[in-house]
Number of protein chains: 2
Amino acid sequence: MFSKACEYGIRAAIYIAHQSKLQVRVGLKDISREIDSPEAFTAKILQQLVKHDIITSVKGPAGGFEMNRESIDQINLYHIVCAIDGDQILQGCALGLKECNPQHPCPVHHPFKVIRDQLKIMLETSSIVGLASEIKSGLSHLKLNPINDTPI
Amino acid sequence: MFSKACEYGIRAAIYIAHQSKLQVRVGLKDISREIDSPEAFTAKILQQLVKHDIITSVKGPAGGFEMNRESIDQINLYHIVCAIDGDQILQGCALGLKECNPQHPCPVHHPFKVIRDQLKIMLETSSIVGLASEIKSGLSHLKLNPINDTPI
DNA sequence: CCCATTTCGGACACTTTTGTCTTTTATAGC
DNA sequence: GCTATAAAAGACAAAAGTGTCCGAAATGGG
């Protein structure tokens with residue numbers, strides 16, 4: 001569905017939002033440990049999120065990543081996915097045809113449009129802070145406790 | 001959404017079904033020309049479809065690919081997608097977590113399940129012959145006429 | 001049997017994605 | 001200003017996906 005980069009990006013964004021709501025700025029090491037992702041690769045993805053103004057970064061001692069208070073509630077899954085994978089999941093012909101539009105559709109055009117429209121709505125209505133709050137309340141997790149396999 | 005291989009595979013299957021309904025066996029050259037795909041790569045994908053018993057092949061002069069009369073009406077998009085891409089679009093955690101299930105879900109588990117269930121139903125209810133018949137009736141196309149950009 | 005045709009199978013090459021490493025740049029504390 | 005710290009940037013490496021090529025195997029027609 002999503003690229004690995006996008007998977008890591010979503011997990012990182014949720015974790016950063018989670019900590020930012022607690023007024024905590026988090027570093028790369030923290031993030032990659034807490035979302036169980038390769039550190040250097042995660043750094044590249046975080047750079048993309050910074051460039052797309054989804055998160056902000058601060059260099060130097062006590063630096064790290066955070067989401068500022070104004071925009072944090074506006075960010076949703078659609079923003080992250082577009083920033084990293086682009087919208088080729090939602091855009092373009094599902095069969096890769098050059099010419100495919102409602103007038104001259106490919107055979108799967110219409111059924112796919114229904115699914116994609118629903119997917120887009122779901123991504124747009126899934127706010128990152130909302131997903132982060134599920135973590136806090138223990139309803140969901142990004143990484144299980146390796147000792148007893150329960151949410152941390 | 002799908003890999004290139006899967007896109008070509010679906011297009012090829014629809015074209016083969018279309019011709020098989022007319023009792024016509026088609027060769028690789030025909031197929032790759034009519035669905036506008038790289039010939040050698042398409043050959044590999046057709047081999048996969050043969051191995052998964054979705055199409056049959058005949059070697060030698062007047063050989064080619066076809067769908068036999070018993071199974072042709074049973075084949076749907078889900079069969080093709082699983083044969084080529086596997087079911088990782090529908091299976092496995094959307095965020096790539098090792099541990100993700102209804103008891104210990106990732107943050108996007110439940111909203112994604114809804115979308116995936118609908119996607120699966122759509123794939124299962126899209127029969128290849130149904131899609132092929134749309135081509136015949138001119139409702140959809142796999143390749144536009146390069147001369148006047150209308151369905152062939 | 002012989003030959004032309006067509007799929008099958010394996011090896012190879014190119015591109016993109018994934019992932020790592022090293023150097024540079026910015027910043028906070030002294 | 002100096003130093004330690006942490007992100008940014010770029011080069012590099014490994015893996016997967018995409019695509020090509022060529023010989024082998026099968027088959028139908030003379």
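Each chain gets a letter, A, B and so on, in the order the sequences are listed, and its residues count up from 1.
Residue B:Glu7 contributes atom CD, which lies 15 Å from atom C1' of D:dG19 at whole-angstrom precision. When the C1' atom of C:dG19 is taken as reference, atom CD1 of A:Ile84 falls 15 Å away, rounded to whole Å. Here D:dA16 presents its C1' atom at 11 Å from CZ of B:Phe41, a figure rounded to the nearest Å. In this structure, CG of A:Asp30 is placed 15 Å from P of D:dT5, rounded to the nearest angstrom. Rounded to whole Å, the distance from CZ on A:Phe65 to P on D:dT5 is 18 Å. Rounded to whole Å, atom P of D:dG19 lies 13 Å from atom CD of B:Gln48. Rounded to whole angstrom, the span from the CD1 atom of B:Ile45 across to the C1' atom of C:dT7 amounts to 15 Å. Protein atom CZ of A:Arg25 is 17 Å distant from nucleotide atom P of D:dT5, rounded to whole Å.
With D:dA7, C:dC8, D:dT18 as the choices, the nucleotide that has an atom nearest any side-chain atom of A:Ser57 turns out to be D:dA7. Distances were taken from every side-chain heavy atom of A:Lys59 (C-beta onward) to each of C:dT7, C:dT25, C:dT20; the shortest belongs to C:dT25. Taking only side-chain atoms of B:Lys4, from C-beta outward, the nucleotide of D:dT18, C:dT7, C:dT20 with the closest atom is D:dT18. The side chain of A:Val50 approaches D:dA8 more closely than any other nucleotide in the set C:dA28, D:dA8, C:dG19.
For A:Ser32 (side chain) and A:Glu39 (main-chain N/O), no donor-acceptor pair under 3.5 Å exists by modelled atom type. Side chain of A:His141 to backbone of B:His104: a donor-acceptor contact under 3.5 angstrom is found. In terms of modelled atom types and a separation under 3.5 Å, the side chain of A:Arg11 and the main chain of A:Leu142 share no donor-acceptor contact.
Of the two residues contacting DNA chain C, namely A:Gly60 and A:Thr42, the nearest-nucleotide position lying further toward the 5' end is that of A:Thr42. Mapping A:Ala62 and A:Cys6 onto DNA chain C by nearest heavy atom places A:Cys6 closer to the 5' end of the strand.
Counted by atom type alone, B:Ser3 and B:Asp85 present one or more donor-acceptor pairs between their side chains at under 3.5 Å.
For the helix from C:dC1-D:dG30 to C:dC30-D:dG1, the terminal axes (five pairs an end, C1' atoms, rotation from four pairs onto the next four) enclose an angle of 0°, given to 10 degrees.
For the OP1/OP2 pair of D:dA9 and a distance below 4.0 Å, the side-chain nitrogens and oxygens of A:Gln47 include at least one atom meeting the criterion. Contact annotation: B:Tyr8 side-chain N/O to D:dG19 OP1/OP2 distance is under 4.0 Å.
With respect to A:Asp36 and A:Arg33, no salt bridge is recorded, no charged nitrogen being found less than 4.0 Å from a carboxylate O. By the 4.0 Å N-to-carboxylate-O rule, A:Asp30 lies too far from A:Arg25 to be salt-bridged with it.
The base of C:dG19 is not paired with the side chain of A:Glu39 by any donor and acceptor separated by under 3.5 Å. Side chain B:Lys44 to base C:dG10: a donor-acceptor pair is found below 3.5 Å.
Contact annotation: the side chain of A:Val58 approaches that of A:Glu66 to within less than 4.5 Å [non-hydrogen atoms, C-beta and beyond]. Using a 4.5 Å heavy-atom cutoff, the side chains of A:Ile128 and A:Asn76 are not in contact.
If you check every strand for non-hydrogen atoms under 4.0 Å, A:Leu46 touches nothing.
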